[in-house]
Amino acid sequence: MSTYVYGITARSHPALPEGMTGVGEPPLPVRILTAGELAAVVSDSPEGLRPKRRDLLAHQNVLAEAGAGGCVLPMRFGSVADDDAAVTQVLTERADHYQDRLRELDGKVEYNIKATHVEDAVLHQVMAENAELRSLAEANRRSGGGNYDDKIRLGEMVAHAVKNKEAEDAAEVHAALAPAAAAVSVGPESTGWLVNVSFLVDRDTAEHFLAAVEQVRTGHPHLDLRVNGPLPPYSFVEPGPAEPAGSTAGAGTGAQ
């Protein structure tokens, strides 16, 4: 049977609660595989695993329990290896890498920041900042809305100005938050988000990062800024003993 991998930790990591279960229906028992100074938190992998809410939550709960006892390198949902031997082989082959990452990520959590424009607010702002747009819009208004070409020209200019504003705002959010983080990982581009960035933050000083987020939100009222975290540092762990089915390296758990 194939092996489902939740995360990687040190062999000295405290034991997990007895009887702990993970993904699957019924939920499958969680167990530990060891190789040298490392350990992998695993279970058998159910057939036909899909990212259903129950299994996504089970994956997160296992990592939350394991993470309460110390640093865990979280694997993304759907990480499945051929068998236990394949997992321990990778732990052995990449032992130095995983031990380095455990040291670097100890005491740190991830915050994912996403942002979109508030449509009416950003349109008002680009008009206020662009004299040419205001002049053309006023000329169209005085002429009863303008002819077809005037309307097309105004629409294209507005779209271009909003696109430029997206790039400008994304850079400003990144610049404002990066100094409060230990590392930054830019997420995959997706329709609708002008910002999709994960920040690695010291757990003990997370309030400073969240204060910086609030400053950005206050200073950019035309942005809808969304914060997801604290999370296990999914975006700061390279692929582990298995490639998740149907996902892209570095994309997170799918539960964000």
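The structure displayed is predicted, hence computed values, not measured ones. All residue numbers refer to positions in the sequence shown, counting from 1.
Aromatic rings from Y4 and Y6 are positioned such that their centres are separated by under 6.0 Å.
The side-chain hydrogen bond (donor to acceptor under 3.5 Å, both in side chains) with T3 is formed by just one residue from the set D84, D44, T88; it is D84.
Note that NZ of K114 and OG of S198 are 7.0 Å apart. Values are rounded to the nearest 0.5 Å. Summarising the geometry, atom OG1 belonging to T9 is positioned 8.0 Å from atom CD1 belonging to I32; distances are rounded to the nearest 0.5 Å. Between the OG atom of S2 and the CG atom of D82 there is a distance of 8.0 Å, given to the nearest 0.5 Å. R54 contributes atom CZ, which lies 5.5 Å from atom CD of E25 (distance to the nearest 0.5 angstrom). We find the OH-CG distance between Y98 and L38 to be 9.0 Å, quoted to the nearest 0.5 Å. Taken to the nearest 0.5 Å, the NZ atom of K163 stands 9.5 Å off from the CG atom of L194.
For V23 against P46, the heavy-atom pair with the smallest separation is CG2-CD, 3.8 Å. Of all the heavy atoms in P51 and L56, the pair that sits closest is O-CD1, 3.6 Å. Nearest heavy atom pair, residue L63 against residue P74, reads CD1-CB, 3.7 Å. Listed here is the closest heavy atom pair of S43 and V30: CB-CA, 4.2 Å. Scanning all heavy atoms of the two residues, the minimum distance from L200 to P233 falls at CD1-CB, 3.8 Å. The two atoms that bring L91 and L33 nearest to each other are CD1-O, 4.4 Å, heavy atoms only.
Side chain of E110 to main chain of Y234: a donor-acceptor pair is present (N/O by atom type, distance under 3.5 Å, no hydrogens or angles). Judged by distance alone, the side chain of D202 and the main-chain N or O of D204 form no donor-acceptor pair under 3.5 Å. At least one donor-acceptor pair under 3.5 Å links the side chain of R11 to the backbone N or O of G36. The main-chain N or O of L225 is found under 3.5 Å from a side-chain atom of R217 such that the two form a donor-acceptor pair. Under the 3.5 Å distance criterion, the side-chain polar atoms of T218 are matched with a main-chain donor or acceptor of E214.
Under the 4.5 Å side-chain heavy-atom criterion for grouping Ile, Leu, Val, Met, Phe, Trp and Tyr, V122 is connected to M127 within one hydrophobic cluster. L28 and V80 are members of different hydrophobic clusters when ILVMFWY side chains are connected at heavy-atom separations under 4.5 Å. Under the 4.5 Å side-chain heavy-atom criterion for Ile, Leu, Val, Met, Phe, Trp and Tyr, M1 and V42 are members of distinct hydrophobic clusters.
F209 and F199 have tilted rings, their planes meeting at an angle from 30° to 60° on a 0 to 90° scale.
The pair K108-D106 fails the salt-bridge criterion, with no side-chain N (NZ, NE, NH1 or NH2) lying under 4.0 Å from an Asp/Glu carboxylate O. A salt bridge links E129 and K165; the closest N-O separation between the charged side-chain nitrogens and carboxylate oxygens is under 4.0 Å.
Annotation for E207: atom CD counts as buried by contact number, over 12 foreign heavy atoms lying within 6.0 Å. In the displayed structure, R50 atom CZ is contacted under 6.0 Å by at most 12 heavy atoms of other residues, nucleotides or ligands.
Using a 4.5 Å heavy-atom threshold, the side chains of V173 and V197 count as separate.
Under the ring pair (Phe, Tyr, Trp, His ring centres under 6.0 Å) criterion, the residue pairs touching residues 117-141 are H117-H222, with sequence neighbours excluded.
Legend: residues meeting salt bridge (charged side-chain N to carboxylate O under 4.0 Å, His left out) with R103, ordered by chain and number and at least two apart, are D100. The side-chain hydrogen bond (donor to acceptor under 3.5 Å, both in side chains) search around D55 returns none, not counting sequence neighbours.
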> Given L16 and V41, is the side chain to side chain contact (heavy atoms under 4.5 Å, CB included) satisfied, shown in steps?
Replying inline: CA-CA 9 Å; L16 297 176; V41 182; 3.8 Å; yes

> Can V195 and D169 be said to form a side chain to side chain contact (heavy atoms under 4.5 Å, CB included), step by step?
Replying inline: CA-CA 8 Å; V195 172; D169 286 335; over 6 Å; no

>> Set out, in order, the CA-CA distance, both residues' side-chain angles and the distance that settles side chain to side chain contact (heavy atoms under 4.5 Å, CB included) for W193 and E166, then state yes or no.
In response: CA-CA 9 Å; W193 301 114; E166 287 181 353; over 6 Å; no

